Amino acid sequence: MSVPFLDLGTATAELRGEIDAAVTRAVGSGWYVGGPECAAFEEAFAAHCGAAHAVGLANGLDALHLALRAMEVGEGDEVIVASNGYIATLLAVSMAGAVPVLVEPDPATHNLDPARVEAAITPRTKVILPTHLYGQPADLDPLLAIARKHGLRLLEDAAQAHGAAYKGRRVGGHGDVVAWSFYPSKNLGALGDAGAVTTNDPALAERIRTLGNYGSHKRYVNEVRGVNSRLDPIQAAVLGVKLAHLEEWNARRARTAARYCEGLAGCDLVLPHVPDWADPAWHLFVVRSANRDALQAALADKGVQTIIHYPIPPHLQGAYADLGIARGRLPIAEQLADEVLSLPIGPHLSDSDVDTVIAAVRDAAGGR
Ligand SMILES: *Cc1c(COP(=O)(O)O)cnc(C)c1O
């Protein structure tokens, strides 16, 4: 491929000196689970998000799962999620013993549609769980208002939204808990698996930390049945280096997004819609085409690598066959799955790569 979807090797190479120094420091610290590197990153990440607390965990799935358990979600409970998201959001709900209730997104933003949420609330509903999909912030104020009105919690899946802002304030301190993944390809990515939660609630922060440490907050005293999900201090050291560059790397993504929007205007495509209150992290640049598969093949022929996020909506996955939701019942999620295509947008995409993508899409997609 002449334009790869995402170039992680170049990203690491840009910061290689700083990363090597941080890893050397962590290795020399004598702390290999927990310790000062983890504490320093948690403090820096909480400050970045505008949240009072951050708790480092092993990955994003655990962050979602342990947040739900800390909110006392369990067997028989329901959690409202968008019908078009990534499977991990649903898996976390299932891991907690609860049932994911799928609500259609706003097709313009691809995010949970607040106007549809109230109709899905039942006496078993415990949590509303929006994802900031593709790095576009979900419409949090109406979701928070609905949650407060019905006595529910708001948990956000921010695995794709590091640095995104809602109404001028960064994601991370709005809902009761915000769950993060630092999987390598995320906007803030480790050199392996890592995750975290942020929250303003000290009791929830403490409960999540305890759940991730075998249910123990005092050595060998186990109050609840927890799991082993702890942030690796070597990854924490790497994340601390990368956090300092996040804003600049997101600005590069935003510049590419602006160039795509300008260069692809008039094409036979639906371009991303950004509400005026949204400041996206541009984790992905997702277009929609009625001829998506042909467009993807034509781009591949021209050396442009694209990915589909996501080709099968959760209710049509084998893993969720037991929800018993037939094809046709969630038409927005199904149509989005048929039409979405993600163009390359990493922070290491050169201007000439962006020009190549624009020319290839204009050529393949048609329009004026
Ligand atoms: C990546 C991702 C996750 C899971 O994170 P892991 O660190 O891979 O467990 C959850 N939700 C969304 C939306 C993601 O993009």
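Remember, it's 1-based here, ligands and their atoms both numbered in the order they're listed. Small disclaimer: the values here were computed from a predicted structure and weren't measured.
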Trainee: Can you sort out which atoms of ligand 1 are near Leu61, meaning under 4.0 Å from one of its heavy atoms?
Mentor: 4 (C), 5 (O), 6 (P), 9 (O)
Trainee: Sequence neighbours excluded and cut-off under 3.5 Å, please list the side-chain donor-acceptor pairs for residues 186-193, or say none.
Mentor:
from: Asn187; atom 1: OD1; to: His283; atom 2: ND1; distance (Å): 2.8
from: Asn187; atom 1: ND2; to: Asn250; atom 2: OD1; distance (Å): 2.8
from: Asn187; atom 1: ND2; to: Ala281; atom 2: O; distance (Å): 2.8

Trainee: Which bit of Thr131 is near ligand 1, meaning a heavy atom under 4.0 Å away: side chain, backbone, both or neither?
Mentor: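 Side chain only; the backbone of Thr131 stays clear of ligand 1.
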Trainee: Short list, please: which atoms of ligand 1 are under 4.0 Å from a heavy atom of Ala88?
Mentor: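 Counting from 1, the qualifying ligand atoms are 3 (C), 4 (C), 10 (C).
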Trainee: Measuring centre to centre across the rings, with the benzene-like ring taken for any Trp, is Phe182 within less than 6.0 Å of His162?
Mentor: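 Yes: the rings meet the under 6.0 Å criterion.
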Trainee: With a 4.0 Å cut-off on N to O distance, would you call Asp176 and Arg153 a salt bridge?
Mentor: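 The answer is yes: the pair qualifies as a salt bridge.
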Trainee: Quick check on contacts: which atoms of ligand 1 are under 4.0 angstrom from a heavy atom of Ala159?
Mentor: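 Atoms satisfying the 4.0 Å criterion: 2 (C), 3 (C), 10 (C), 11 (N), 12 (C), 14 (C), 15 (O).
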Trainee: With clusters built from Ile, Leu, Val, Met, Phe, Trp and Tyr whose side-chain heavy atoms come within less than 4.5 Å, directly or transitively, what are the remaining members of the cluster of Val270, listed by chain and number?
Mentor: none
Trainee: I'd like to know if Arg170 and Glu247 make a salt bridge, using a cut-off of under 4.0 Å between side-chain N and carboxylate O.
Mentor: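 Salt bridge: yes.
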Trainee: Tell me whether Gly60 has any N or O atom under 3.5 angstrom from an N or O of ligand 1.
Mentor: yes
Trainee: Check whether any N or O atom of Lys186, backbone or side chain, sits under 3.5 Å from an N or O atom of ligand 1, and answer yes or no.
Mentor: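 Indeed, backbone or side chain, Lys186 has an N or O that close.
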Trainee: Please report whether ligand 1 has a polar contact with Gln160, defined as an N or O pair separated by less than 3.5 Å (distance criterion only).
Mentor: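 Indeed, backbone or side chain, Gln160 has an N or O that close.
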